[in-house]
Amino acid sequence: TSDLTGRMVLSLEEDRPDIEARLASNVLQIDDFALSQWSPERKTTPASDPKAESEPKEDTSNIKQQADQQKVLSLLSPEAMSRANAHLTVNLDKIMSGKDNLGKGNLEISLQDGRFIIEPLELELPEGTARTEFSYYPTTETAEIHLAVTVDGLDVGVLARRAKPETKMGGRLDLDILLDATAPSIKELMANGAGHFDLGFSPENFDARIIDLWAVSLLSALTSEVDSEPTSIINCLVASFEMADGVMQDRIIFLDTTRMSVEGTAVIDFKKQHIDLQAKPKAKRPEFFSIAIPVEVSGDFDDFGGIKIKPGHIIRSVGNFITSPVHVPLRRLISGQTPEDTNAACRIAWEGRNQED
């Protein structure tokens, strides 16, 4: 159902080829491009060998993964990116993902003297906008990267349904990302990065299994620890970080669940591939015999050391638990009713993330 029209000019007059392409699409249906099993390499089926079939097969998945990574690195090398100059513009009147209308957008890409630039990739979403700027410039000594992403009001359900069509997960996602880095190689860019990372997430029917990311797994584990009530849900999350020399330091971390408001601190070190996070939950409404214990998470990106609780925190929480019949009625009188708009606190945190203390 997709269409694409336009014109392309190839010039061989200079030292390197120069390509100019201008394309337009009335409808772009992402489902038309099912490339998950596609490969540019021709596949051959070797003749079957009965003896080979009876022998145990060697696991070559790691070898193939390393070979694929090497191919990507070779394509991003200074030599490969300096072979031609190119400029591409694409205007998209309507972008579809299955039955989801993603709005319209435009894309401009250029490769000039070895520098790859996306400026911009813009989407006008049904309820928001998204804009990305990106540049990458490798030399024989270093690799240089610039990334700026602004997302306002992305429907999370669109992404979730692409991973799991029958899911009921939805919600809203806001992003503000800036990354600038220069490093000896591509692999070391994050370890030398500077900028900021701001995330605002208001999920509906949250399902951590859909998004296989360590940050989402951490969010799910942390939520179940600070608010273990089966009927409790995540209302919203705000996380804002400053980044310098490969280390991200929190400006704001705020999580709101049905019963708890959670404030946290964190340090994410991309040099050591390590994270340290502390979270302090607070009940929205004083409850009899309720325990809200501060928790900590520490470990490497691919192997968290688990959620920890300090003995001192346990002692204080148990004390509050025992004396709750005395202090809870007084606190209820002072605090009043729980606000009906549970997203209000997250909205305030998101809007004030760049303000000075």
Side-chain angles (χ1 to χ4, degrees), residues 1-6 8 21-41 43 61 65 68 72 88-109 116 118-134 147-177 197-220 223 233-239 343 346-347 350:
T1 58
S2 302
D3 67 75
L4 187 68
T5 61
M8 182 177 72
R22 298 185 179 277
L23 306 174
S25 173
N26 294 312
V27 179
L28 177 68
Q29 171 59 259
I30 297 176
D31 286 358
D32 289 342
F33 304 92
L35 303 178
S36 59
Q37 302 299 321
W38 178 83
S39 171
E41 299 178 349
K43 295 182 179 180
S61 57
Q65 183 178 11
D68 291 341
V72 172
L88 168 68
T89 59
V90 183
N91 293 315
L92 307 170
D93 287 340
K94 188 176 183 180
I95 308 170
M96 300 293 295
S97 174
K99 296 181 180 180
D100 293 314
N101 184 358
L102 304 186
K104 61 181 181 179
N106 62 81
L107 170 66
E108 186 168 355
I109 300 176
F116 177 76
I118 299 177
E119 190 175 7
L121 167 59
E122 291 181 320
L123 294 176
E124 293 185 23
L125 309 170
E127 297 182 2
T129 59
R131 178 185 173 91
T132 298
E133 297 177 3
F134 176 80
L147 173 66
V149 178
T150 304
V151 176
D152 179 20
L154 175 65
D155 181 2
V156 178
V158 174
L159 302 177
R161 285 189 289 274
R162 288 209 60 79
K164 188 177 180 182
E166 67 276 13
T167 185
K168 301 297 182 181
M169 182 175 171
R172 173 191 172 106
L173 177 68
D174 296 309
L175 282 175
D176 184 359
I177 300 173
F197 177 88
D198 297 341
L199 166 71
F201 183 35
S202 300
E204 298 173 1
N205 303 311
F206 178 70
D207 186 353
R209 297 170 298 176
I210 292 178
I211 307 174
D212 186 18
L213 294 173
W214 63 265
V216 176
S217 300
L218 174 61
L219 170 62
S220 179
T223 303
I233 62 173
I234 300 173
N235 292 318
C236 52
L237 165 72
V238 171
N343 286 325
C346 275
R347 216 165 32 241
W350 176 255

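In terms of heavy atoms, G6 sits closest to L23 at CA-CD2, 4.0 Å.
Rounding to the nearest 0.5 Å gives a distance of 7.5 Å between CG of L123 and OG1 of T132. Separation of atoms CZ (R172) and CD (E127) is listed at 8.0 Å; rounding is to 0.5 Å. The line from CD of E204 to NZ of K168 is 12.5 Å long, rounded to the nearest 0.5 Å. To the nearest 0.5 Å, atom OG1 of residue T129 and atom CG of residue D152 are 5.0 Å apart. Atoms CD and CG, from Q29 and D3 in turn, are 12.0 Å apart once rounded to the nearest 0.5 Å. Atom CD of residue E119 and atom CD of residue E122 lie 10.0 Å apart, to the nearest 0.5 angstrom.
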Pair L159, L154 - check side chain to side chain contact (heavy atoms under 4.5 Å, CB included), show working.
CA-CA 9 Å; L159 302 177; L154 175 65; 3.8 Å; yes
So T1 and D32, side chain to side chain donor-acceptor pair (under 3.5 Å) or not? Walk me through it.
CA-CA 7 Å; T1 58; D32 289 342; 3.2 Å; yes
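Counting heavy atoms from C-beta on, the side chains of T5 and S25 never come closer than 4.5 Å. Counting heavy atoms from C-beta on, the side chains of L28 and D93 never come closer than 4.5 Å. Two residues are said to be in side-chain contact when any heavy atoms from C-beta on lie closer than 4.5 Å; I234 and F201 fail this criterion. Residues I109 and F116 form a side-chain contact, since some pair of their non-hydrogen atoms from C-beta on lies under 4.5 Å apart. Side-chain atoms of L107 and T89, non-hydrogen and from C-beta on, never get closer than 4.5 Å to each other.
Checked options I177, D176, L173, V151; the residue passing with L199 is L173 (criterion: side chain to side chain contact (heavy atoms under 4.5 Å, CB included)).
The closest donor-acceptor contact from the side chain of T150 to the backbone of R131 lies at 3.5 Å or more, if one exists at all.
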Contacts under 3.5 angstrom, residues 96-104 side chains, donor-acceptor by atom type, not counting sequence neighbours:
from	atom 1	to	atom 2	distance (Å)
S97	OG	R162	NH1	2.8
D100	OD1	R161	NH2	2.9
D100	OD2	R161	NE	3.0
D100	OD2	R161	NH2	3.3
N101	OD1	G103	N	2.9

